[in-house]
There are 2 protein chains.
Amino acid sequence: MEHRIDRIKKQLHAQSYKLTPQREATVRVLLEREEDHLSAEDVYLLVKEKSPEIGLATVYRTLELLSELKIVDKINFGDGVSRYDLRKEGAAHFHHHLVCTECGSVEEIEEDLLEDVEKIVKNDWGFQVKDHRLTFHGICKQCQQETANTTT
Amino acid sequence: MEHRIDRIKKQLHAQSYKLTPQREATVRVLLEREEDHLSAEDVYLLVKEKSPEIGLATVYRTLELLSELKIVDKINFGDGVSRYDLRKEGAAHFHHHLVCTECGSVEEIEEDLLEDVEKIVKNDWGFQVKDHRLTFHGICKQCQQETANTTT
DNA sequence: TATAAAAAGATAATCATTATTTATAATTAA
DNA sequence: TTAATTATAAATAATGATTATCTTTTTATA
């Protein structure tokens, strides 16, 4: 944890930003809840538990900053809310998501499945890919099993 | 054009909805501007040109309805607005997008590049894919050329 | 230390979207 | 055909996420 905070600190410094206490508190929440896909409001409430004096606008500003520096990714699953997702250390690319339309769960795929596709895009469309967003909508393993059970 | 309106009419009827004049006007705008990725507001303004008496809420309702019936796809490129994109006739899947971070242009890829990836998702994650959304962010052909020119 | 710059806090403003309430048109039953 | 029911639309209010503004506090620098 401390190691990752340190790295983020350095990334901020590299762009002459500071890791203020408020920013650190926000980053800590993101690290603790790395598996989740928190909205700004979610982050705000969690940060508030430990640093009650923080303001919502500050959280928004911090998330925006982290997003610009590609430390977090801002994603949108179609409900009206942006969600913020810590990028894995050293990951050049956004990871993929599996959104279950039954139970709403969100799984992550770390490995990059798009290398071949990106080659095609480059060769056939002349488009120079910098980043991608891939989300699958469907039915997760668990929900499939539950449906199978109730049917039997 | 009329043929496609007819098909959409049938799709609505199949779910016991009607193609009211307002809905038809909205669909016509979507057909005319098929290449674009219009926001609800955009659609509203365009429909208003021909049918000035239409209300914004009606456009929203219509787009929502068309979206439920999978006649249009609702997408989000990360600015705060939802955009609505007519699904190609008979297309089971959402098409892909190339968003240029330089000029903001949006290209579409009709062909499905994800068949292999979906197989992997199914086999390795047990996830039953119903639909996907794939967007590449990067630099389009034209912007690459322009950069090359100014550099020389 | 004094001054300038950056960041934060508080809250108002904005803007897309949704909900509500009333009116209108279309369909069905009597 | 008329009355009653239902679907749809119009107008506008309400909501809710996000951003802007303005003031205060903190940090860095001369």
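Residue numbers begin at 1 in each chain, while the letters A, B, ... track the order of the sequences.
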Q: Using a 4.0 Å heavy-atom cut-off across all strands, classify A:S39 as base, sugar-phosphate, or nothing.
A: nothing

Q | B:H137-B:F77 aromatic ring centre distance below 6.0 Å | A | no

(Q) Do the side chains of A:E34 and A:R4 get close enough for a salt bridge, i.e. N-O under 4.0 angstrom? (A) yes

Q. For A:Y17 and B:P21, take the nucleotide of DNA chain C holding the closest heavy atom to each; which residue's nucleotide lies nearer the 5' end?
A. A:Y17

Q: With the side chain counted from C-beta on, respond yes when B:F127 and A:E107 share a heavy-atom pair under 4.5 Å apart, and no when they do not.
A: yes

Q | Any A:H96 side-chain heavy atom under 4.5 Å of A:E110 side chain | A | no

What is the distance from [atom1] of [X] to [atom2] of [N], rounded to the nearest Å?
X: A:E41; N: D:dG16; atom1: CD; atom2: P; result: 10 Å
X: A:K18; N: C:dA8; atom1: NZ; atom2: C1'; result: 11 Å
X: B:E64; N: D:dA7; atom1: CD; atom2: C1'; result: 18 Å

Is any side-chain N or O of [X] closer than 4.0 Å to OP1 or OP2 of [N]?
X: B:S82; N: C:dT17; answer: yes
X: A:Q22; N: D:dT26; answer: no
X: A:R61; N: C:dA7; answer: no
X: A:T20; N: C:dA8; answer: yes

Q.
Please give me every residue in residues 46-60 of chain A whose heavy atoms get under 4.0 Å of an atom in DNA chain D, ordered by residue number.
A. A:L56, A:A57, A:Y60

Q.
Under the salt bridge (Lys or Arg N to Asp or Glu O under 4.0 Å) test against A:D73, which residue among A:R87, A:K88, A:R83 passes?
A. A:R87

Q | Out of C:dT27, C:dG9, D:dT18, whichever nucleotide has its closest atom nearest the side chain of A:V81 | A | D:dT18

Q: Go through D:dT18, C:dT17, C:dA7 for me and flag the one nearest to the A:A40 side chain.
A: D:dT18

Q. Are any side-chain N or O atoms of B:N149 and backbone N or O atoms of B:E146, one a donor and one an acceptor, separated by less than 3.5 Å?
A. no

